[in-house]
Amino acid sequence: MLDTGLDAATIAELRDESEDLLMALIDLLAIEAPARIAALTASVAAGERVGAERAAHTLKSSAATVGALVMRDRAAAAESAARAGELATVAAMIEPLREASERACAALRLEIKKACP
Amino acid sequence: VPITTLIVDDSPFARTVIRHHLTKFGCRVAGEAENAAQAIRMFHELRPDLVTLDVMMPEVDGFDSLRAFRQMRSEKPGLAIIVVSAVPFDKTRDTFIGEGALAYVVKPFTQFSFEPVRRKLVQVFRQSAGELGGAR
């Protein structure tokens, strides 16, 4: 894992596959992650365990696709807590998850800039 | 002739990656659904030759992935369905393969994991193209 919390192998594989694909996924993460975190927040506030689990699951899957490992692990922890019905625990995980998501987006954009200065 | 394809996955990331690989293979992605109920509606509308179906999707209108799989296969028995899953559980895999799934792919969907699927698609669609040619 890189210092940025990204998985070098996943990024290299996506880049080898297509630079356009990698860029499309990074753009998608920048749009999708805040929306899903908002959905997670709303579900927790409403006491909706299933909605919280679903939002966290999608965030985990999205993060894994682009190799954002720290974000993936935090989303996985939130998903497990939601599945267990521990919504107070999930609530405490939202800010760290948001932070990991923002860091991942910034780091991924830097990776693109390195490749296409 | 391009293979008309429907992608079913609740993750827009997975849909983007799957679309990339299938388009590169020569499929025409006619639609994308984000849950099983939407998949059934789009299946009726688009009549695809190939469906990629995510296993782990939230149930909507009483439809989960297995129910959608069974309904699509019963309405179109020759339909090729690639099941895509985040979990490498043998039982889940065996269920879908036993019911006629073309392949069971564990996410992430990469060029490496797509290769065996690509070979199966070539085999299946070459065979059906031959049958169509022979019928003419």
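Protein chains get the first letters and strands the later ones, always in sequence-line order, with residue 1 at the start of each. Worth saying up front: this structure is predicted, and the values here are computed from it rather than measured.
In terms of hydrophobic clustering, with Ile, Leu, Val, Met, Phe, Trp and Tyr side chains grouped at heavy-atom distances under 4.5 Å, I7(B) and I3(B) are assigned to a common cluster. Clustering ILVMFWY residues whenever any of their side-chain heavy atoms sit less than 4.5 angstrom apart, transitively, puts M72(B) in the very cluster that holds V83(B). When the side chains of ILVMFWY residues are joined at heavy-atom separations under 4.5 Å, either directly or via intervening members, L29(A) and I26(A) end up in a single hydrophobic cluster. Grouping the Ile, Leu, Val, Met, Phe, Trp and Tyr side chains by contacts below 4.5 angstrom, directly or via other members, places I31(A) apart from L59(A).
Taking CZ of F112(B) as the start and CD of E17(A) as the end, the distance is 13.5 Å to the nearest 0.5 Å.
Residues of residues 20-48 of chain B placed with any heavy atom under 4.5 Å of a heavy atom in chain A are listed by number as H20(B), H21(B), K24(B). Contact annotation for residues 89-105 of chain B against chain A (heavy-atom separation below 4.5 Å): no residues qualify. Contacts from residues 46-58 of chain A to chain B, taken as heavy-atom pairs separated by less than 4.5 Å, involve R54(A), H57(A), T58(A) in sequence order. Within residues 8-19 of chain B, the residues approaching chain A closer than 4.5 Å by heavy atoms are, in numerical order, D10(B), S11(B), P12(B), F13(B), T16(B), V17(B).
For a residue to count as touching a neighbouring chain, one of its non-hydrogen atoms must lie under 4.5 Å from one of that chain's; by this rule E32(A) touches chain B with the side chain only. Both the backbone and the side chain of L28(A) have a heavy atom closer than 4.5 Å to some heavy atom of chain B.
Crowding of R103(A) atom CZ: a count of heavy atoms from other residues, nucleotides or ligands under 6.0 Å not exceeding 12.
Your options are L21(A), D20(A), L14(A), and the one with the most heavy-atom pairs under 4.5 Å with chain B is L21(A).
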